[in-house]
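Inspection log for the structure reproduced underneath, given as C-alpha cells.
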2 protein chains.
Amino acid sequence: MRWDPLDEKIVTLLVADSRRSFAELGTEVGLSASAVKRRVDRLRADGVITAFTVRLDPAALGWTVEGYVELYCRPSTPPAAIRRACAGLAEVVDASTVSGDADALVRILAADMRHFEQVLEQIGAEGFVERTKSVLVLSPLIRRPPPTMH
Amino acid sequence: MRWDPLDEKIVTLLVADSRRSFAELGTEVGLSASAVKRRVDRLRADGVITAFTVRLDPAALGWTVEGYVELYCRPSTPPAAIRRACAGLAEVVDASTVSGDADALVRILAADMRHFEQVLEQIGAEGFVERTKSVLVLSPLIRRPPPTMH
DNA sequence: ACTGAAAGTGCGTGACC
DNA sequence: GGTCACGCACTTTCAGT
C-alpha cells in the first residue's frame with residue numbers, strides 16, 4: 001500500500017471537509033484535479049478511507065447523557081453474543097472486548113439519566129451478563145479521528 | 001429546531017454515504033433536489049450535521065493497538081489541564097472527564113504495543129497524573145454514529 | 001507509472017413561482 | 001416545496017514526461 005506525504009495532506013483535508021472539490025484540494029497540495037481524484041479513489045480501494053459521511057452532534061439530536069459500561073460476563077461468553085446484544089440497542093455507539101477485569105467496554109448515548117438507567121437495565125437483563133459497572137461522562141475533552149502520520 | 005421523519009431519513013442516508021447527490025436523496029425520500037439541499041443546509045445551520053468528513057480505518061493506517069487509560073489525577077486538577085496534555089498527544093483520539101474512581105478516561109491508538117507503552121509513559125509523566133490504569137481492546141465489536149431517532 | 005489537459009455529462013446552487 | 005437555468009465539478013479519455 002502506497003502512502004506518501006501528498007496522500008497524508010489529502011486525507012487530512014478530507015477529514016476536515018470532504019466536500020472540497022478535487023481542484024481545490026489539488027491547488028493546496030500541488031496536483032491537478034484528476035491526480036487528486038485518482039489518489040482518493042486509490043485510498044478508498046486500499047481501505048484507508050472507509051466512507052464519506054457526515055459527523056453528527058449527539059447533543060443537537062437530544063442525546064445529553066453519555067457513559068461507559070463495563071460488562072462482566074459469565075465464563076466463556078462468546079464475543080459474538082455480546083455483539084448481538086449491543087447491536088440490538090440503538091443507544092450503544094461503541095463496544096469492544098477488553099483485557100483486564102471486565103470482559104467488554106460499551107459506550108452509551110442516552111436522552112437523559114432515566115433513559116440511561118433503562119439501557120443499563122436492558123444490558124443487565126442479558127443472560128450472559130453477571131454484573132455491570134458504569135461511569136458517566138462529565139465533560140468530553142477531545143474527540144478526533146485517527147491521526148494520519150506515523 | 002425542526003426534526004421530522006424526512007430529516008431523519010436524509011441524515012441516515014448521508015451518514016451511510018455523504019456523496020449521494022441531492023437528486024438521488026430526493027427520489028429516496030420523495031422530495032426534489034433543491035428541497036433536500038435546503039434541509040441539509042438547515043441541518044448544518046442547526047448544528048445537527050457538524051461536518052462532512054471521511055471515516056478512516058485505523059488499522060489501514062498502521063494503528064493496530066487500541067486501549068483505554070483511566071487517569072487518576074492530583075486533587076483539584078482542572079479539566080483544561082487534562083485536555084491540554086491529551087491534545088499534545090496525537091495518539092489520543094478520545095478523552096473525557098468521568099464520574100467514579102478515575103478522573104478521566106482516555107482512548108488511545110498506537111502502532112504497536114511498544115508504542116502504546118511509550119504513550120502511557122508520556123501520560124504518566126504529566127505533573128497532575130498520580131497513576132493510570134489501562135485496558136487493551138481485544139476486538140472491536142461495534143462502532144457506529146449516534147442514532148437519529150428519538 | 002503517474003501526471004496534466006480537454007471534453008461531455010451531471011450536479012450544486014440560487015432565483016423565482 | 002417545486003421548477004428552471006447557469007456555472008462548476010466530476011469523470012473519462014488521451015497524450016506527455
Side-chain angles (χ1 to χ4, degrees), chain A residues 1-62 144-150, chain B residues 1-63 111 144-150:
Chain A
M1 192 196 80
R2 257 190 56 187
W3 182 257
D4 63 21
L6 265 57
D7 292 323
E8 185 181 320
K9 279 188 195 173
I10 292 171
V11 168
T12 302
L13 291 168
L14 284 177
V15 166
D17 180 7
S18 66
R19 293 213 317 184
R20 304 262 273 284
S21 72
F22 291 134
E24 198 177 343
L25 296 171
T27 61
E28 297 214 38
V29 304
L31 284 178
S32 73
S34 9
V36 173
K37 174 186 165 21
R38 276 189 290 264
R39 280 172 181 262
V40 172
D41 288 344
R42 197 196 66 224
L43 290 164
R44 293 194 67 167
D46 288 352
V48 174
I49 296 175
T50 57
F52 282 70
T53 184
V54 290
R55 200 176 310 133
L56 303 178
D57 177 15
L61 287 164
R144 59 187 175 199
T148 55
M149 65 287 188
H150 294 174
Chain B
M1 193 196 79
R2 259 187 56 188
W3 181 258
D4 64 21
L6 265 56
D7 291 323
E8 185 181 319
K9 278 189 196 173
I10 291 170
V11 168
T12 302
L13 290 168
L14 284 176
V15 166
D17 179 8
S18 67
R19 292 214 319 185
R20 304 263 273 283
S21 72
F22 291 134
E24 199 177 344
L25 296 172
T27 61
E28 297 215 38
V29 303
L31 286 178
S32 72
S34 354
V36 174
K37 176 186 164 20
R38 278 191 286 264
R39 279 171 181 262
V40 172
D41 288 344
R42 196 195 69 225
L43 290 164
R44 293 195 67 167
D46 288 352
V48 174
I49 296 175
T50 58
F52 282 70
T53 185
V54 290
R55 200 176 312 133
L56 303 178
D57 177 15
L61 287 163
W63 309 112
R144 57 187 174 199
T148 55
M149 66 290 190
H150 293 171

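Residue numbers begin at 1 in each chain, while the letters A, B, ... track the order of the sequences.
Side-chain N/O atoms of R38(B) include none lying less than 4.0 angstrom from OP1 or OP2 on dG2(D).
For dA5(C), the base has no donor-acceptor partner in the side chain of S32(A) [N/O atoms by modelled type, under 3.5 angstrom]. With hydrogens and angles ignored, a donor-acceptor pair under 3.5 angstrom links the side chain of S34(B) to the base of dT3(D).
For the pair R20(A) CZ and dC10(D) P, the interatomic distance rounds to 12 Å; values are reported in whole Å. Regarding R44(A), its CZ atom lies at a distance of 14 Å from the C1' atom of dT11(D), rounded to whole Å. Distance F22(B) CZ to dC4(D) C1': 17 Å, rounded to the nearest Å. If you measure from atom CG of D41(B) to atom C1' of dG1(D), you get 14 Å, rounded to the nearest angstrom. Whole-Å rounding puts the E24(B) CD to dC10(D) P distance at 16 Å. Atom-to-atom, CG of L43(A) to P of dC2(C) comes out at 13 Å; the value is rounded to the nearest Å. Rounded to a whole Å, the CG atom of L25(B) is 15 Å from the C1' atom of dT13(C). Atom pair K37(B):NZ and dT3(D):C1' shows a separation of 16 Å (rounding to whole Å applied).
Residues P147(A) and W63(B) are in side-chain contact: their nearest non-hydrogen atoms beyond the backbone lie under 4.5 Å apart. Side-chain atoms of L56(B) and V11(A), non-hydrogen and from C-beta on, do get closer than 4.5 Å to each other. In this structure, the side chains of L14(A) and L25(A) come closer than 4.5 Å at one or more pairs of heavy atoms.
Heavy-atom distances to DNA chain C give each of R19(A) and G30(A) a nearest nucleotide, and the one nearer the 5′ end belongs to G30(A).
Contacts of R39(A) with the nucleic acid, taken as non-hydrogen atoms under 4.0 Å apart, involve only primed sugar atoms and P, OP1 or OP2.
Applying salt bridge (charged side-chain N to carboxylate O under 4.0 Å, His left out) to D41(A) and the options R38(A), K37(A), R39(A) leaves one that passes, K37(A).
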